[in-house]
Amino acid sequence: MLTMEKTIQSKEFQLLTKGLRTIFTIIMVLMILGMALMAVILVGVMIVSENDVNGWLAKASVTASIHFEGLEMLLSEQTVQDMHYSKIDVVKLVLTATIYITILFLMVVQVRNILNNLSKGIIFSLDNSKKIERIAYCVIVLSLTVSAFRTYIVYLMMQPFKLESLLVKTDFITGISYHFTGINWTLLLCGLVIWTIARIFRYGAFLQDEYDATA
């Protein structure tokens, strides 16, 4: 009876790890497609001239909105028509987003590899420990840079519309400033917890090797 129960639990665990691995594989493929799209956009930006884009924007009927932290600002038609396309700003925006996606992609790859090992019955191993550590370091890097990334993206999105000058002209806002420094303490704490788990896995791998050597 006990052996049958262990067999059922083992099958459930393998099914779980394989299912999660499939999910992270799909996420990884979508992120690869996203980075490929970024590359296509970057090439397009480098090829098409600023005058062509600004001429098209002046003739076309375009609506635009800015989303940030659950806030959506729908821009007026006049503001959109006064938009000035800057190639260098778009290049900076694409490169910044690519760096951000690359860090997340590295995390997804490590998680998928860990799930692959778990599905094979490899749990407490030095390889898994190193992969978990890499995830922890990525999360810590994000905790230190995510505020700067997001603020810089908002800054680049506002530049074509010159929203700073428009908002300052109102009676409600006297000035706008961007803060590129800051720590996301939630992410930092998560990174430290993941790093601790990696150390636990490393110690578990050491105990496993000791047991195998004495068995």
Side-chain angles (χ1 to χ4, degrees), residues 23-112 134-135 137-170 172-184 187:
I23 292 173
F24 275 91
T25 300
I26 294 172
I27 294 174
M28 186 176 68
V29 171
L30 291 176
M31 295 184 78
I32 292 174
L33 293 175
M35 288 188 288
L37 178 61
M38 291 290 182
V40 172
I41 293 174
L42 186 61
V43 172
V45 169
M46 299 303 294
I47 294 176
V48 181
S49 67
E50 289 186 7
N51 292 333
D52 291 340
V53 176
N54 285 320
W56 177 80
L57 289 174
K59 297 176 182 178
S61 177
V62 182
T63 58
S65 61
I66 294 178
H67 301 260
F68 182 70
E69 296 290 348
L71 175 67
E72 178 180 0
M73 294 188 295
L74 184 63
L75 303 180
S76 66
E77 184 177 347
Q78 184 61 44
T79 301
V80 176
Q81 288 178 351
D82 293 339
M83 171 186 173
H84 177 73
Y85 168 80
S86 173
K87 179 179 293 189
I88 187 64
D89 286 343
V90 176
V91 171
K92 290 178 181 178
L93 179 61
V94 172
L95 292 178
T96 302
T98 301
I99 293 172
Y100 197 77
I101 293 175
T102 301
I103 296 175
L104 296 176
F105 176 76
L106 293 175
M107 294 173 59
V108 170
V109 170
Q110 297 303 318
V111 172
R112 183 185 178 278
R134 295 188 193 111
I135 296 172
Y137 294 143
C138 287
V139 173
I140 291 173
V141 169
L142 285 178
S143 72
L144 300 176
T145 59
V146 66
S147 296
F149 272 137
R150 294 167 66 182
T151 303
Y152 190 56
I153 288 174
V154 172
Y155 168 78
L156 291 175
M157 291 176 64
M158 294 184 70
Q159 291 310 298
F161 304 101
K162 300 178 181 179
L163 291 182
E164 294 96 336
S165 59
L166 292 176
L167 293 174
V168 170
K169 289 178 181 179
T170 66
F172 300 99
I173 298 175
T174 58
I176 296 176
S177 61
Y178 297 94
H179 301 279
F180 294 95
T181 58
I183 299 175
N184 189 309
L187 282 178

Closest approach of M31 to F105 (non-hydrogen atoms, all atoms of both residues):
CE-N, 3.2 Å

Side chain proximity check, V109 to F24, heavy atoms < 4.5 angstrom:
no

To the nearest 0.5 Å, what is the distance between CD1 on I101 and CG on L30?
11.5 Å

To the nearest 0.5 Å, how far apart are CG in L95 and CD1 in I99?
6.5 Å

Evaluate the side-chain proximity of N184 to L142: yes if any heavy-atom separation is below 4.5 Å, no if none is.
no

Exercise answer: donor-acceptor pairs, residues 39-49 side-chain atoms, under 3.5 Å, sequence neighbours excluded:
unit_1 : atom_1 : unit_2 : atom_2 : d
S49    : OG     : D52    : N      : 3.4
S49    : OG     : D52    : OD2    : 2.9

When rounded to the nearest 0.5 angstrom, what distance separates CD1 in I183 from OG1 in T145?
11.0 Å

When rounded to the nearest 0.5 angstrom, what is the spacing between OG1 in T102 and CG in L106?
7.0 Å

Side chain to side chain contact (heavy atoms under 4.5 Å, CB included) for T98 and V94? Distances and angles first, verdict last.
CA-CA 6 Å; T98 301; V94 172; 4.0 Å; yes

Taking every heavy atom of I140 against every heavy atom of S143, the minimum-distance pair comes out as O-OG, 2.5 Å

